[in-house]
Undergrad: 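Questions regarding the structure given below will be posed in turn.
Every number for a ligand or one of its atoms is a count from 1 in the order of the listing.
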Amino acid sequence: MKILVTVKRVVDYNVKVRVKSDGSGVDIANVKMSMNPFDEIAVEEAVRLREAGVATEVVAVSCGVTQCQETLRTALAIGADRGILVESAEELQPLAVAKILKALVDKEQPQLVILGKQAIDDDSNQTGQMLAALAGLPQATFASKVVVANGKATVSREVDGGAETLSLKLPAVVTTDLRLNEPRYVTLPNIMKAKKKPLETLKPADLGVDVAPRLKTVKVAEPPKRSAGVMVPDVKTLVEKLRNEAKVL
Ligand code: AMP
């Protein structure tokens with residue numbers, strides 16, 4: 001069984017992003033870039049399934065600029081077997097990525113596609129869902145547990161007030177939540193080994209995909225600054241302020 005797993009190169013989660021002065025987006029020049037944290041979880045889960053003998057091959061895919069090769073090398077160091085870079089200098093919106101992934105699903109015929117639930121840069125939470133729709137595959141989003149057996153994936157997901165368990169016939173699409181697993185540390189020997197693993201580069205046109213953006217960003221703005229807090233002398237004043245000023249009581 002082959003697993004396709006997606007890895008997006010995003011601004012590292014520790015970086016405090018700054019909005020460009022013209023409001024056209026955020027400044028990513030000279031900023032540390034890393035693998036999207038939910039995608040690390042996706043790679044970890046795929047590699048665990050291969051280590052458990054459930055899967056035979058893990059193929060990592062990244063779409064974007066040439067430097068996404070580094071993100072793919074990290075996936076290979078976690079344990080993926082080979083990488084595919086779909087290289088494009090254009091801004092790739094979720095629909096474009098989903099179309100690319102649909103073409104790769106047709107080409108590679110994986111039994112399972114594991115994506116992050118959301119990319120921490122655009123916070124779209126759309127790609128997995130769009131891929132499932134385009135490819136006509138069942139989907140389980142926000143997975144906190146995945147069990148694969150007898151041609152089925154059994155996926156637990158957190159819902160309001162409890163956990164929901166879904167059964168999906170393979171091939172299927174799963175997106176990862178934070179609770180699914182804790183990704184392993186990448187060791188130096190594995191980073192060295194990853195350098196020798198195969199990494200193929202394709203262009204969207206090779207897959208017959210038009211990646212032209214369908215959305216235009218009108219404006220990006222900093223969140224409003226928080227105003228300073230006030231110390232209140234006693235509970236009575238607090239309740240009074242909550243009732244008469246904040247009007248939350
Ligand atoms: P999004 O819909 O943008 O929030 O992204 C959801 C998930 O789709 C991410 O966690 C990735 O697994 C995958 N994904 C989105 N964009 C890309 C990309 N450019 N390359 C690889 N995977 C991506």
Side-chain angles (χ1 to χ4, degrees), residues 3-13 17 25-26 28 33-47 58-76 78 80 82-105 107-108 110 112-135 137 139-144 146 155 157 172-181 183 199-204 206-207 209-215 217 220:
I3 302 180
L4 204 68
V5 65
T6 53
V7 291
K8 186 175 187 187
R9 180 177 184 265
V10 297
V11 173
D12 187 273
Y13 71 95
V17 287
V26 295
I28 57 163
M33 306 293 282
S34 299
M35 185 189 296
N36 184 44
F38 294 106
D39 301 350
E40 277 185 56
I41 295 170
V43 181
E44 176 68 35
E45 195 64 19
V47 171
V58 176
V59 183
V61 181
S62 192
C63 311
V65 292
T66 317
Q67 292 89 326
C68 294
Q69 282 183 2
E70 294 158 20
T71 319
L72 283 168
R73 290 286 170 210
T74 307
L76 298 173
I78 297 173
R82 61 185 168 93
I84 302 174
L85 166 63
V86 182
E87 194 176 3
S88 171
E90 289 211 39
E91 177 205 348
L92 295 177
Q93 294 178 346
L95 181 59
V97 177
K99 287 181 188 169
I100 290 172
L101 296 175
K102 152 79 170 81
L104 285 175
V105 165
K107 188 167 179 265
E108 295 280 341
L112 191 60
V113 187
I114 312 183
L115 306 90
K117 74 167 179 184
Q118 123 188 22
I120 61 164
D121 53 358
D122 60 22
D123 277 341
S124 294
N125 174 18
Q126 294 176 348
T127 310
Q129 293 89 327
M130 285 177 169
L131 167 64
L134 291 174
L137 296 177
Q139 60 177 304
T141 52
F142 298 23
S144 53
V146 177
V155 177
R157 48 196 308 277
V173 174
V174 167
T175 74
T176 63
D177 207 345
L178 269 188
R179 275 181 218 274
L180 182 58
N181 61 49
L199 202 164
E200 180 188 1
T201 301
L202 300 169
K203 301 273 183 211
D206 299 334
L207 297 165
V209 176
D210 161 24
V211 293
R214 303 296 201 264
L215 301 170
T217 303
V220 177

Undergrad: If every non-hydrogen atom of Leu85 is compared with every non-hydrogen atom of Thr66, which pair is closest and at what distance?
TA: CD2-O, 4.0 Å

Undergrad: Pick whichever of Thr6, Ile84, Leu101 has a heavy atom sitting closest to atom 12 (O) of ligand 1.
TA: Thr6

Undergrad: Indicate whether any N or O donor in one side chain lies under 3.5 Å from an N or O acceptor in the other, for Glu44 and Asn181.
TA: no

Undergrad: Examine the proximity of ligand 1 to Val7 and report which part, side chain or backbone, both or neither, has a heavy atom under 4.0 Å away.
TA: backbone

Undergrad: Hey, are Arg157 and Ser144 close enough side-chain-wise for a donor-acceptor pair under 3.5 Å?
TA: no

Undergrad: Taking a cutoff of less than 4.0 Å between a non-hydrogen atom of the residue and any ligand atom, is Leu92 in contact with ligand 1?
TA: no

Undergrad: Decide whether an N or O pair under 3.5 Å exists between Pro94 and ligand 1.
TA: no

Undergrad: For Asp39, counting its heavy atoms only, list the atoms of ligand 1 lying under 4.0 Å from any of them.
TA: 9 (C), 10 (O), 11 (C), 12 (O)

Undergrad: How many angstroms lie between atom CZ of Arg9 and atom CD of Glu70, to the nearest 0.5 angstrom?
TA: 6.0 Å

Undergrad: Quick one: CG on Leu207 to CD1 on Ile84, what's the gap to the nearest 0.5 Å?
TA: 8.5 Å

Undergrad: Just checking, any donor-acceptor pair under 3.5 angstrom between side chains of Gln93 and Glu91?
TA: yes

Undergrad: Could you list the atoms of ligand 1 found under 4.0 angstrom from a heavy atom of Asn125?
TA: 1 (P), 2 (O), 4 (O)

Undergrad: With nothing but distance in play, are any N or O atoms of Val61 less than 3.5 Å from an N or O of ligand 1?
TA: no

Undergrad: If we set the cut-off at 4.0 Å for heavy atoms, which region of Thr127 has an atom near ligand 1: side chain, backbone, both, or neither?
TA: both

Undergrad: Enumerate the atoms of ligand 1 whose separation from the nearest heavy atom of Asp122 is less than 4.0 angstrom.
TA: 1 (P), 3 (O), 4 (O)

Undergrad: Could you verify whether a donor N or O on one side chain and an acceptor N or O on the other, from Gln129 and Asn125, lie under 3.5 Å apart?
TA: yes

Undergrad: Look up atom OG1 in Thr141 and atom CD in Gln118, then write down how far apart they are to the nearest 0.5 Å.
TA: 11.5 Å

Undergrad: Could you tell me whether some N/O pair between Cys63 and ligand 1 is separated by less than 3.5 angstrom?
TA: yes

Undergrad: Going by distance only, is there an N or O of Asn36 that falls short of 3.5 Å from an N or O of ligand 1?
TA: yes

Undergrad: Just need the protein heavy atom nearest to atom 16 (N) of ligand 1, so name the residue and atom and give the distance.
TA: Lys8 CD, 3.4 Å

Undergrad: Give me the nearest non-hydrogen protein atom to atom 7 (C) of ligand 1 as residue plus atom name, then the distance to 0.1 Å.
TA: Gly116 O, 3.2 Å

Undergrad: Using the side-chain hydrogen bond (donor to acceptor under 3.5 Å, both in side chains) rule, pick out the option among Thr71, Asn36, Asp39, Asp122 that qualifies with Lys8.
TA: Asp122

